[in-house]
Engineer: 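Handing you a structure now.
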Amino acid sequence: MSNDDRLSILITEGSSGSAKETIYCLADQHAVDFVDPTYLCQCRFSRWVRKAIPCPHFATQPDEYLRFLVSTLRRGRYDVLFPVHEDVYLLSYVRESLEREFSVALPDFDTLRSMQSKSDFVGKLNELQIPVPRTQIVDSFDELHQFDEFPVFVKIAHSTAGTGVALVKNGEELREVADRFEREGRLAFNSKILMQQPASGIMSVVQAVFQQGQLIAAHCAETLLPGVGGAQGMRVSASHPKVVQYVKQLGRHLNWHGAMFLEYFYEPSTGEPQFIECNPRIGETYNAKLSGVNLCDLMVRISLGETVEPLVQPVNEGVCSYTDFFLLIQKALTGSPRRVIFRESFQMLAGRGAYQNAASEITHPKRDPLSLIPATAVVMQLLLSPRIARKIVDKTVGSYSLPQSGVETIHGFSDAFIEECFAK
C-alpha cells in the first residue's frame, strides 16, 4: 500500500490493551492517532502512533469529550473514527449525528444498551434459545441477602473490568459482597442483580464484526491464564463452530452493526458453549490477527461503508499469545510475591517456560522498541511493591470505563446540546 492509499484513523482512547492491540492491527497499513486524557498512557509509547492527542476525561466529562472529539475529527480530516472501549456507549448515543459527517461503525443505541446490561443480555439469549448458565434475577437488597444457592456469581447489571462481579460460596461471603457493592454505590443504580450458577468448561472469548446484521468474521480463543478483571491473560486460538453459529444468530436478530465480543464457557466433549457476558466493542484483537483474521481492518472497511463479504477461511488454530505486563499485574493482584513476578517477567523476556511458543500482544521489543517503556515501568513498580497493582489497575481502568455518573450525564444530553456539538 502506497502512502497515498493510507487512511487516517482516530482511535478513541490510548490507555487500554484493546487500544494498543488495535494500533498493532492497523498501523502497518494506515496512519493512526489517538486521544486520551492521560499524558503517559501506554499507547503514547509506540513508534506506530503518528500523534497522541490530549483530551478531556471521557469517564468524568463525556460532554466535553464529545465536543473535543468532533472538533478533532474535523481539524484532522480523519477518514475513520475507531471506537475501542466504553466510549462506544457515548458514540452510539449520538450515532445519527456522527454518521452524517464521519465514517464510523456503531450499533443502534437501544440495542447496544440492552446487550451491555447483563440482565437484558441473559433475557435475550433465553428468548433466542442460546445457552446461558442457570440465572436468577433479584430485584432488591433484601432479596439478595435471602439467596441461599451456592456457589454463585453475583453480578450487577452494569459494570466493567470485572468490578461488579463476585463469586460467593456461602451466605457470609454474600453479605460481605452485598455490603461492599452498597458502600461503593454500585447497587444504587442497579435495580437488577444476577445470581448466576458457575458454568463448566473452558473459559473462552469470541470476537465478531457485523455489517447490518450480517456476520463478517469471528474469532474464538480459549483462556490459558486469566488476566485483569476476568480478561484473557494468555489465550490460544480455537475453532468453536457452534459458538460462531450462535453469534451469527444473535447478530442477525439484533441487526448488529460494528463489533462485539462475548465471553463463554466451552465444553469440548459436546462443542456446546454457555454464554455469560456481552461486550459491545472490539476487544483485544492481536491474537485474531496472528491467526489470520484482522478484525480491525474489517471494521475500518465497514466504517467506510464498503460492502464486505463474510470471511470463510478456516481459523488458524493453536496460536498462543499473552498480554505480558497485564498478566504480571494480575499475578500481583492475586498475591504473587516479588520473586514470582521477577521469574515470570524474565521468562517472558527470554521466551521460556509457558511463553516459549507464545507471542506478546502488548510489548514488541524488536518491532516497537518504545513499547518496552511502559512494560519496564510496570515491572519495576510491581517489584518494588506488588500491592501497587491495584492502584495501577484503578488508574488505567478509570481512563476508559464509564461510571454511572457518566451514563447519567450522557442520558441528560439535550437535542440542543448535541446540535451544538455538531454545528459547523
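Residue numbers run from 1 in the order of the sequence given. Just the heavy atoms: all of them, side chains too, but no hydrogens, waters or symmetry mates, feed the values below.
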Engineer: Examine distances only and state if a side-chain atom of T409 and a backbone atom of S405 form a donor-acceptor pair shorter than 3.5 Å.
Structural biologist: yes

Engineer: Which residues satisfy the ring-ring contact (aromatic ring centres under 6.0 Å, His included) test with H364, sequence neighbours excluded?
Structural biologist: Y24, Y286

Engineer: Not counting sequence neighbours, list each pair that qualifies as a side-chain hydrogen bond (donor to acceptor under 3.5 Å, both in side chains) and has a residue in residues 193-205.
Structural biologist: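 Non-adjacent pairs meeting side-chain hydrogen bond (donor to acceptor under 3.5 Å, both in side chains): T135-Q196, K155-Q196.
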
Engineer: Which residues pass the ring-ring contact (aromatic ring centres under 6.0 Å, His included) test with Y355, sequence neighbours left out?
Structural biologist: Y322

Engineer: Looking only at side chains, do E21 and S18 share a donor and an acceptor under 3.5 Å apart?
Structural biologist: no

Engineer: Between N279 and E263, do the side chains contain a donor N or O and an acceptor N or O under 3.5 Å apart?
Structural biologist: yes

Engineer: Say whether, by atom type as modelled, one donor and one acceptor occur between the side chain of R44 and the main chain of Y39 under 3.5 angstrom.
Structural biologist: yes

Engineer: Mind checking whether L194 and V122 have side chains closer than 4.5 Å, heavy atoms only?
Structural biologist: yes

Engineer: Give a yes or no on whether R367 atom CZ has more than 12 heavy-atom contacts from other residues, nucleotides or ligands under 6.0 Å away.
Structural biologist: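 Count over threshold, so yes.
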
Engineer: Does P131 reach the side chain of Y246, with side-chain heavy atoms less than 4.5 Å apart?
Structural biologist: yes

Engineer: Go through the steps to decide whether M348 and L327 satisfy the test side-chain contact (heavy atoms from CB on, under 4.5 Å), and finish with yes or no.
Structural biologist: CA-CA 10 Å; M348 287 179 186; L327 192 53; 3.9 Å; yes

Engineer: Between R338 (side chain) and L384 (backbone), is there a donor-acceptor pair under 3.5 Å?
Structural biologist: yes

Engineer: Can you tell if the side chain of F265 reaches within under 4.5 Å of the side chain of I202, non-hydrogen atoms only?
Structural biologist: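 Side-chain contact under 4.5 Å: no.
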
Engineer: Should E172 and R175 be marked as a salt bridge (charged side-chain N to carboxylate O under 4.0 Å, His left out) after you check the CA-CA gap, both sets of side-chain angles, and the distance that decides it?
Structural biologist: CA-CA 5 Å; E172 182 179 354; R175 286 188 292 273; 5.5 Å; no

Engineer: How would you list, by chain and number, every residue that makes a ring-ring contact (aromatic ring centres under 6.0 Å, His included) with F413, sequence neighbours excluded?
Structural biologist: F417

Engineer: Listed by chain and number, what are the side-chain hydrogen bond (donor to acceptor under 3.5 Å, both in side chains) partners of D87, not counting sequence neighbours?
Structural biologist: T12

Engineer: Of all heavy-atom pairs between L262 and L250, which one has the smallest distance, and what is that distance?
Structural biologist: CD2-CD2, 3.9 Å

Engineer: Check the side chains of S8 and R50 for a donor-acceptor pair under 3.5 angstrom, ignoring hydrogens and angles.
Structural biologist: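 Present: a donor and an acceptor within the cut-off.
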
Engineer: Once salt bridge (charged side-chain N to carboxylate O under 4.0 Å, His left out) is applied, do any residues pair with E96, and if so which ones, sequence neighbours excluded?
Structural biologist: none

Engineer: Does a side-chain N-to-carboxylate-O contact under 4.0 Å join E173 and K169?
Structural biologist: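 No, no charged N to carboxylate O under 4.0 Å.
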
Engineer: List the atom pairs, with distances to 0.1 Å, where a side-chain N or O of residues 229-236 and a protein N or O form a donor-acceptor pair under 3.5 Å, not counting sequence neighbours.
Structural biologist:
residue : atom : partner : partner atom : Å
Q232    : OE1  : R235    : NH1          : 2.9
Q232    : NE2  : A221    : O            : 2.9
Q232    : NE2  : T223    : OG1          : 3.0
R235    : NE   : E361    : OE2          : 2.9
R235    : NH2  : E284    : OE1          : 2.5
R235    : NH2  : E361    : OE1          : 3.0

Engineer: Report yes or no: does E344 contribute a side-chain atom to a donor-acceptor pair with the main-chain N or O of L328 at less than 3.5 Å?
Structural biologist: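 Not confirmed, E344 side chain does not pair with L328 backbone.
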
Engineer: Just wondering, are more than 12 heavy atoms of other shown residues or ligands nearer than 6.0 Å to CZ in F342?
Structural biologist: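 For F342, atom CZ is not crowded (no more than 12 foreign heavy atoms under 6.0 Å).
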
Engineer: Return yes if a side-chain donor-acceptor contact under 3.5 Å exists between E272 and Y264, otherwise no.
Structural biologist: no

Engineer: Between S291 (side chain) and N287 (backbone), is there a donor-acceptor pair under 3.5 Å?
Structural biologist: yes

Engineer: Among residues at least two apart in sequence or on other chains, which ones pass salt bridge (charged side-chain N to carboxylate O under 4.0 Å, His left out) with E149?
Structural biologist: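 Here the qualifying residues are R134.
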
Engineer: Hey, are D36 and Y400 close enough side-chain-wise for a donor-acceptor pair under 3.5 Å?
Structural biologist: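 The answer is no; no qualifying pair exists.
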
Engineer: Who passes side-chain hydrogen bond (donor to acceptor under 3.5 Å, both in side chains) against D63, sequence neighbours left out?
Structural biologist: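 Not a single residue meets the side-chain hydrogen bond (donor to acceptor under 3.5 Å, both in side chains) criterion with D63.
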
Engineer: Who are the side-chain hydrogen bond (donor to acceptor under 3.5 Å, both in side chains) partners of S92, not counting sequence neighbours?
Structural biologist: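 Testing S92 for side-chain hydrogen bond (donor to acceptor under 3.5 Å, both in side chains), a comparison that skips the adjacent residues, returns none.
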
Engineer: Among all residues two or more places apart in sequence or in another chain, which pass the salt bridge (charged side-chain N to carboxylate O under 4.0 Å, His left out) test with D394?
Structural biologist: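 Only R390 meet the salt bridge (charged side-chain N to carboxylate O under 4.0 Å, His left out) criterion with D394.
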
Engineer: Should V315 and H219 be marked as a side-chain contact (heavy atoms from CB on, under 4.5 Å) after you check the CA-CA gap, both sets of side-chain angles, and the distance that decides it?
Structural biologist: CA-CA 8 Å; V315 66; H219 175 71; 4.1 Å; yes

Engineer: Report yes if the distance between the aromatic ring centroids of F275 and F121 is under 6.0 Å, otherwise no.
Structural biologist: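 They do not qualify: ring centres at least 6.0 Å apart.
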
Engineer: Measure centre to centre between the rings of Y266 and H240, then say whether the value is under 6.0 Å.
Structural biologist: yes

Engineer: Using side-chain contact (heavy atoms from CB on, under 4.5 Å), reason through L174 and M195 one step at a time and then give a plain yes or no.
Structural biologist: CA-CA 11 Å; L174 177 60; M195 313 298 288; 4.0 Å; yes

Engineer: Can we say K124 and E127 salt-bridge, meaning some charged N sits less than 4.0 Å from an Asp/Glu carboxylate O?
Structural biologist: yes

Engineer: Under a 3.5 Å cutoff, is there a donor and acceptor pairing between the side chains of S269 and E267?
Structural biologist: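 Yes, E267 and S269 have a side-chain donor paired with an acceptor closer than 3.5 Å.
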
Engineer: Does the D368 side chain pair with the main chain of R47, one donor and one acceptor, at a distance under 3.5 Å?
Structural biologist: yes

Engineer: Using a distance-only test with no angle check, is there a side-chain donor-acceptor pair under 3.5 angstrom linking H411 and Y93?
Structural biologist: no

Engineer: Any side-chain to backbone donor/acceptor pair from D324 onto T363? Under 3.5 Å, distance only.
Structural biologist: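 Yes: the side chain of D324 pairs with the backbone of T363.
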
Engineer: List in chain and number order the residues that pass ring-ring contact (aromatic ring centres under 6.0 Å, His included) with Y65, two or more places apart in sequence or in another chain; answer none if no residue qualifies.
Structural biologist: F58

